[in-house]
Amino acid sequence: MTTTTTLAQVYSEHPIHLRDIIPLDFNSIRSVPDSHVWPISDDFSSDHQLLVPIIDLKDPNAVKLAGHACETWGAFQVINHGIHLNLLEEVESEARRLFSLPTQTKMKALREPAGATGYGQARISPFFPNYMWHEGFTIMDSPTDHARALWPTDSARFCDVIERYQKQMKVLAEKLTDLILESLAIFREDLNWDVGSPSTALQLNSYPPCPNPNRAMGLAPHTDTSFLTILHQGSTSGLQIFKQGTGWISVLPVSGALVVNVGDLLHILTNARFPSVLHRAVLNQEGFHRLSVAYFYGLPIDCRVSPLLKLLDSGESPRYRPVTVKEYVDIKSKNFEEPLTSIRI
């Protein structure tokens with residue numbers, strides 16, 4: 001009998017030192033420590049006329065618009081996506097309840113060095129010289145064990161909200177995947193994805209009040225390993241994406257909208273036609289506790305990904321060699337800055 005490798009098992013092969021997992025005790029900090037100081041950025045785009053595309057899923061042209069947004073931006077905001085506003089508010093409320101717990105309580109759900117789930121600093125922390133003004137809570141599959149550690153007698157509400165959110169996000173992710181594939185004139189049947197379940201993760205992000213937001217970074221610039229990512233960023237801006245030829249642009253919140261961005265796996269599949277968008281989270285409001293919720297939708301771990309030949313223009317060669325999702329996660333866990341270079345032909 002064969003056993004299917006999970007995303008959590010892949011990450012377990014790349015343990016992280018405890019110093020890169022344990023967040024600051026933000027409640028006791030009165031100034032930004034040297035370990036968390038970042039250079040003041042001067043690369044913020046001043047062109048406020050540029051707005052990330054907003055796509056209505058009920059628009060008859062949604063397929064074409066999504067394809068164009070992926071190709072020119074690597075991201076878009078989506079409305080009429082089918083996720084009820086009440087559920088978005090509930091998951092944000094539960095995230096706030098979690099991150100408002102005393103530090104010693106949150107530490108009971110600390111992510112283990114070889115673990116993939118639980119409380120801790122961003123998993124990308126070891127790849128940067130300074131730490132980020134961030135604490136997170138990662139969930140794969142059921143949140144029950146970690147939730148019970150946080151609320152021994154009152155974890156049911158959190159688990160119920162999270163599990164409902166995960167189910168609806170999976171449905172939306174599959175709908176968006178089909179939409180994006182259709183924009184490329186390809187369908188799931190053209191792909192060899194029937195080798196297991198999608199690799200998914202839910203990430204609750206907390207950016208606590210910072211005494212000097214200009215000296216700290218919420219989340220350092222990075223791309224997502226996923227096929228696509230769906231982000232609920234609430235009503236406060238902080239997310240920025242990098243657009244070639246322009247620079248960093250804030251993704252201004254739109255009520256009820258969700259942000260969708262291209263990940264590395266979709267970038268590979270399209271032979272770099274769709275950019276895996278570089279993004280970051282900045283701190284721009286003193287005294288405000290900002291939250292966001294990211295859903296990472298990936299392909300099955302054993303799935304083999306390569307540029308689709310039918311997408312190549314006449315005379316165009318594949319830029320990347322075939323790679324399994326597991327192999328790519330392994331590569332990025334060791335070579336975070338240039339994982340795509342490692343598989344370039």
Side-chain angles (χ1 to χ4, degrees), residues 5 7 9-11 13-14 16 43 66-76 122-129 176-177 180-181 183-186 188 190-193 195-196 198-201 219-229 240-249 260-280 294 296-345:
T5 303
L7 188 60
Q9 288 170 330
V10 176
Y11 281 126
E13 298 172 9
H14 305 279
I16 296 175
D43 55 3
H68 185 259
C70 286
E71 187 164 357
T72 56
W73 285 82
F76 57 90
R123 192 173 183 88
I124 63 175
S125 292
F127 300 102
F128 295 91
L176 290 168
T177 296
I180 291 168
L181 292 178
S183 78
L184 297 164
I186 56 177
R188 285 179 186 263
D190 298 326
L191 306 164
N192 185 28
W193 289 1
V195 288
S199 50
T200 64
L219 209 54
H222 65 285
T223 63
D224 292 336
T225 307
S226 58
F227 188 78
L228 57 84
T229 302
Q240 293 183 344
I241 67 171
F242 189 81
K243 184 167 171 50
Q244 287 293 340
T246 302
W248 290 101
I249 296 173
V260 181
N261 69 262
V262 172
D264 293 350
L265 299 179
L266 180 52
H267 173 84
I268 295 168
L269 186 81
T270 61
N271 204 39
R273 181 190 299 185
F274 290 177
S276 184
V277 67
L278 192 68
H279 54 286
R280 68 184 183 185
F296 302 102
Y297 183 77
L299 305 180
I301 286 296
D302 296 321
C303 182
R304 194 174 175 86
V305 185
S306 62
L308 281 179
L309 296 180
K310 67 184 297 184
L311 295 180
L312 302 184
D313 295 329
S314 178
E316 183 184 2
S317 299
R319 297 189 182 193
Y320 305 110
R321 67 171 176 82
V323 62
T324 65
V325 174
K326 180 187 184 304
E327 183 185 359
Y328 185 72
V329 172
D330 285 335
I331 290 170
K332 196 165 183 177
S333 295
K334 300 169 188 171
N335 182 13
F336 182 79
E337 290 188 358
E338 295 184 332
L340 292 168
T341 303
S342 302
I343 61 169
R344 188 179 291 276
I345 295 175

Practice task
Find the distance between CG (L176) and CZ (F227) and round it off to the nearest 0.5 Å.
Solution key: 10.5 Å

Problem - Check: L278 main-chain N/O paired with H222 side-chain donor or acceptor under 3.5 Å - result: no

Practice task
State, with a plain yes or no, whether a side-chain heavy atom of P318 is found less than 4.5 Å away from one of L312.
Solution key: yes

Handout entry: Point-to-point distance, once rounded to the nearest 0.5 Å, from SG of C70 to CG of L266
Key = 6.0 Å

Problem - H279 side chain near D224 side chain, heavy-atom distance below 4.5 Å - result: yes

Practice task
Identify the heavy atoms of I301 and T324 that sit nearest to each other, and give their distance.
Solution key: O-CB, 4.2 Å

Practice task
Supply the atom-to-atom distance E337 CD to F127 CZ, rounded to the nearest 0.5 angstrom.
Solution key: 9.0 Å

Problem - Heavy-atom donor-acceptor pair, N271 side chain to L309 backbone, under 3.5 Å - result: no

Practice task
Give, for atom CZ of R321 and atom CD1 of I268, the distance between the pair rounded to the nearest 0.5 Å.
Solution key: 9.5 Å

Exercise for the section: Identify whether the distance between the nearest side-chain nitrogen and carboxylate oxygen of D330 and K326 falls below 4.0 Å. Expected result: yes

Problem - Derivation and outcome, side-chain contact (heavy atoms from CB on, under 4.5 Å), residues L299 and Y328 - result: CA-CA 11 Å; L299 305 180; Y328 185 72; over 6 Å; no

Problem - Any donor-acceptor N/O pair, K334 side chain to H14 backbone, under 3.5 Å - result: no

Practice task
Check whether the ring centres of Y320 and H267 lie less than 6.0 Å apart, and answer yes or no.
Solution key: yes

Exercise for the section: Indicate yes or no for a side-chain donor-acceptor contact from S276 to the backbone of D264 under 3.5 Å, with no hydrogens or angles considered. Expected result: yes

Problem - Heavy-atom closest pair, residues F274 and G67 - result: CE2-O, 3.7 Å

Fill in the blank from the handout: Note: G74 and V277 closest approach over all heavy atoms is O-CG1, 3.5 Å

Problem - Distance (rounded to the nearest 0.5 Å) between I343 CD1 and I331 CD1 - result: 6.0 Å

Problem - L7 side chain reached by F296 side chain, heavy atoms, under 4.5 Å - result: no

Problem - Heavy-atom pair with the smallest gap, counting every atom of L219 and A122 - result: CD1-CB, 3.7 Å

Exercise for the section: Check whether the side chains of K332 and T223 place a donor and an acceptor atom closer than 3.5 Å, and report yes or no. Expected result: yes

Completion exercise
Note: P221 and F128 closest approach over all heavy atoms is O-CZ, 3.4 Å

Practice task
Could you give me the CA-CA distance, side-chain angles and deciding distance for L191 and L269, then say whether side-chain contact (heavy atoms from CB on, under 4.5 Å) is met?
Solution key: CA-CA 10 Å; L191 306 164; L269 186 81; 4.1 Å; yes

Handout entry: Side chain to side chain, Y11 and V329, heavy atoms closer than 4.5 Å
Key = yes

Fill in the blank from the handout: Nearest heavy-atom approach of P275 to W73 is CG-C, 4.2 Å

Exercise for the section: State whether E316 and R273 are salt-bridged, where the test is any N-O pair (Lys NZ or Arg NE/NH1/NH2 against Asp/Glu carboxylate O) under 4.0 Å. Expected result: no

Completion exercise
When rounded to the nearest 0.5 Å, the distance separating CZ of R123 from OG of S333 is 6.0 Å

